[in-house]
Amino acid sequence: MTLYLVLFIFLAVLMIAAAIYSVVQKDLLYATLGTSIISLILSVFFYLLQAPDVALTEAAIGVALTTIIFVITIRNTERYEEDYHKKRNVKSPLK
Amino acid sequence: MDITTHTLLTIGFYGSSISLILIGLYAALVKKSLLKIIIGMSIVDSGINLLLVSLGYLNGGTAPIFSPTVQDTLTKTAKAVDPVPQALVLTAIVIGFAVTAVALSLIIRLYRHHKTVSIDEIKNLKW
Amino acid sequence: MKKVLVLFLLIAIGYYLVDVFSVIPFGADRIPEGNVRDFYLEKTVTDLNVPNTVTSIVVNFRGFDTLGEVTVLFLAASVLGSILYRRRSHDEEKAVLLPSSKIVASGSRLLFAPILLLGAYVFIHGHLTPGGGFQGGVIIATGFLLMLLAYKDYKVKHSIIMWVESLAGVTFAGIGLVGLIMGKMFLENFLPLGETMNNLFSGGVIPIIYIAVGFKVGSELTGLLYTLLNEKGE
């Protein structure tokens, strides 16, 4: 078990954990951060698979541009999902 | 390389990409907020791209970039990784981003009119 | 009820995917001699004299798909601009952005020029090192995004973006047509290839096409982000 293999297993588990987190989380800003973590680890995987062009493209588009257009959309619509207020009996500070 | 490393690598790359596809599909089918559905679609795109690139890998291969001294050896003795899936995935990543951008602009426009992003509330087909 | 059905569907899809991909061995040489991979690896050195194989596939051997991809990006930017269109008759105010601190403002202005330089380096040397038109264009758009977020009233002239984008797109299609006029195929290599391999001026039309693609993608994504940021949140 070399060091690269341990690092690879750790990164793969972290990527799937970030995917599950971004699906379950009801605060949409944190879900967007989960997507950008997935893109970052995916860029490292592309480098490990000896594909430097694809790693550059995924790092530039997936991390920078996709996150910013999600954040701009959240700013123009709602930040929380609807179940966030119903289940926790929390009054929304916005409305 | 030995058998445990090989099985770990196989399970790692194929398993994580198939898991990403399934997690993204679950988010796109079950969730009620439109923004969650688009996040799910973006995760499915990432999973498919990882699956395509990991099909072209060779054991002990190197990146498909030449240099003036090792021109001939990359095809004959030392193997180079398959460059065709990388060219396909390059296009696929850019097109995935374009589709996400257009979908998000449609969500902004819908919110301007209906004041909600839940698909249960938006019932009429024509505004 | 819906969740149970969705779980059944996902289990079925997952079972079939695992069934297909467990037979394909990871990393083994599965294809016999005379396949597409060896063909492209050899032809890049003998025919084109270009080090980066992925660039030569994307621009030269399968250049028509790159033309389609540039068209899809252009369609996405123009559709986004037309969906979010708002008649500017009653109010001219932009979206309200919070003012940023002094560190962000001065640091962005310092970092703007090196980011543009990095983006230009990546798409000019696309045929020698990993990189290319799309990567360099996205890096340039990230530099403009930094300036747009740091300063509240940073304006980018819309006419300049429009002219740069149109001229770059016309250059790409025009080079293809020149190759057609010269009696060969569309997007054929008609400029002379260099003698040595790692020279900047080598590879025929490949650097020119990538420079055009870099300009086009950079200006297009800047226009897209500018349209999105000007959306007045209510």
Side-chain angles (χ1 to χ4, degrees), chain A residues 1-2 4-6 8-9 11-16 18-26 28 31-32 34-36 38-39 41-43 45-62 64-67 69-70 72-84, chain B residues 4-5 8-9 11-13 15-17 19-20 23-24 26-27 30-36 38-40 42-43 45-47 49-50 53-54 56-58 61-65 80-81 83 85-87 89-90 93-94 96-97 100-101 104-105 107-108 110-112 115-118 120-121:
Chain A
M1 290 280 240
T2 66
Y4 281 136
L5 204 59
V6 171
F8 165 69
I9 297 290
L11 282 177
V13 168
L14 191 62
M15 185 164 82
I16 296 183
I20 294 180
Y21 176 72
S22 97
V23 165
V24 169
Q25 177 68 264
K26 301 227 184 310
L28 287 175
T32 311
T35 304
S36 105
I38 288 179
S39 287
I41 298 180
L42 205 66
S43 165
F45 275 1
F46 283 145
Y47 169 71
L48 283 179
L49 282 170
Q50 315 280 340
D53 292 277
V54 185
L56 255 179
T57 306
E58 175 69 35
I61 290 184
L65 289 184
T66 303
T67 308
I69 59 175
F70 269 116
I72 293 176
T73 306
I74 289 178
R75 187 185 73 140
N76 284 327
T77 61
E78 303 173 344
R79 180 178 164 177
Y80 297 97
E81 272 191 62
E82 282 205 351
D83 304 344
Y84 189 80
Chain B
T4 54
T5 314
L8 268 177
L9 278 180
I11 292 178
F13 278 117
S16 60
S17 53
S19 310
L20 276 181
I23 289 173
Y26 175 79
V30 167
K31 294 293 177 175
K32 290 207 178 5
S33 167
L34 269 173
L35 215 37
K36 259 309 164 57
I38 303 298
I39 286 181
S42 168
I43 296 179
D45 275 338
S46 301
N49 293 335
L50 182 62
V53 172
S54 72
Y57 181 67
L58 285 181
T62 131
I65 296 182
V81 176
Q86 299 179 16
V89 167
L90 212 82
I93 291 177
V94 173
F97 163 70
T100 307
L104 286 178
S105 82
I107 288 180
I108 295 180
L110 265 180
Y111 182 77
R112 239 193 243 167
K115 299 287 182 287
T116 175
V117 280
S118 162
D120 279 343
E121 315 274 334

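Residue numbers start from 1 in every chain, and the chains themselves are labelled A, B, ... in the order their sequence lines are given, proteins ahead of strands.
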Region of A:L65 in contact with chain B, defined by heavy-atom distances below 4.5 Å: both
Given side chains that start at C-beta, do those of A:F46 and B:N49 come closer than 4.5 Å, heavy atoms only? yes
CD1 of B:I38 to OG1 of A:T32: how many Å apart, nearest 0.5 Å? 12.0 Å
Side chain / backbone / both / neither for A:S22 at chain B, heavy atoms under 4.5 Å: both
Please state whether the side chain, the backbone, both or neither of A:F70 comes within less than 4.5 Å of a heavy atom of chain B. both
Shortest non-hydrogen pair, B:S33 vs A:E81, comes out as CB-CG, 3.8 Å
Should we say atom OH of A:Y47 is surrounded by more than 12 heavy atoms from elsewhere, each under 6.0 Å from it? no
Hey, which of B:K32, B:K31, B:K36 has the most heavy atom pairs under 4.5 Å with chain A? B:K36
Between A:T57, A:T35, A:T77, the one whose heavy-atom pairs under 4.5 Å with chain B are most numerous: A:T77
Do A:N76 and B:I107 come within less than 4.5 Å of each other through their side chains, counting heavy atoms only? no
Would you compute the distance between atom CG of A:L11 and atom OG of B:S16 and round it to the nearest 0.5 angstrom? 10.5 Å
A:I41 side, atom CD1; B:L50 side, atom CG - distance, nearest 0.5 Å: 11.5 Å
Looking at A:L49, A:D53, A:T66, which has the largest count of heavy-atom pairs under 4.5 Å with chain B? A:L49
Comparing B:V117, B:I11, B:V81, B:I39 against chain A, the one with the most heavy-atom pairs below 4.5 Å turns out to be B:I39
If you look at every heavy atom in A:Q50 and B:P64, which pair is closest and at what distance? O-CD, 4.0 Å
So A:E58 and B:V53, do their side chains get closer than 4.5 Å, heavy atoms only? no
Which region of B:V94, side chain (C-beta onward) or backbone (N, CA, C, O), has a non-hydrogen atom less than 4.5 Å from a non-hydrogen atom of chain A, or is it both or neither? both
Taking all heavy atoms of A:E78 and all of B:T116, pick out the closest pair and write down the distance. OE2-CA, 4.2 Å
Determine, stepwise, if the pair A:F8 / B:L9 fulfils side-chain contact (heavy atoms from CB on, under 4.5 Å). CA-CA 9 Å; A:F8 165 69; B:L9 278 180; 3.8 Å; yes
Under 4.5 Å heavy-atom distance to chain B, tell me which part of A:L42 shows up: side chain, backbone, both or neither. side chain
Give me the ring orientation class for B:F13 and A:F45: parallel if the planes are under 30° apart, tilted from 30 to 60°, perpendicular past 60°. perpendicular
side-chain contact (heavy atoms from CB on, under 4.5 Å) partners of A:I69, counting only residues at least two apart: B:F97, B:A101, B:L104, C:L225, C:L228
Could you work out, with side-chain contact (heavy atoms from CB on, under 4.5 Å) as the rule, every residue matching B:S19, not counting sequence neighbours? A:I16
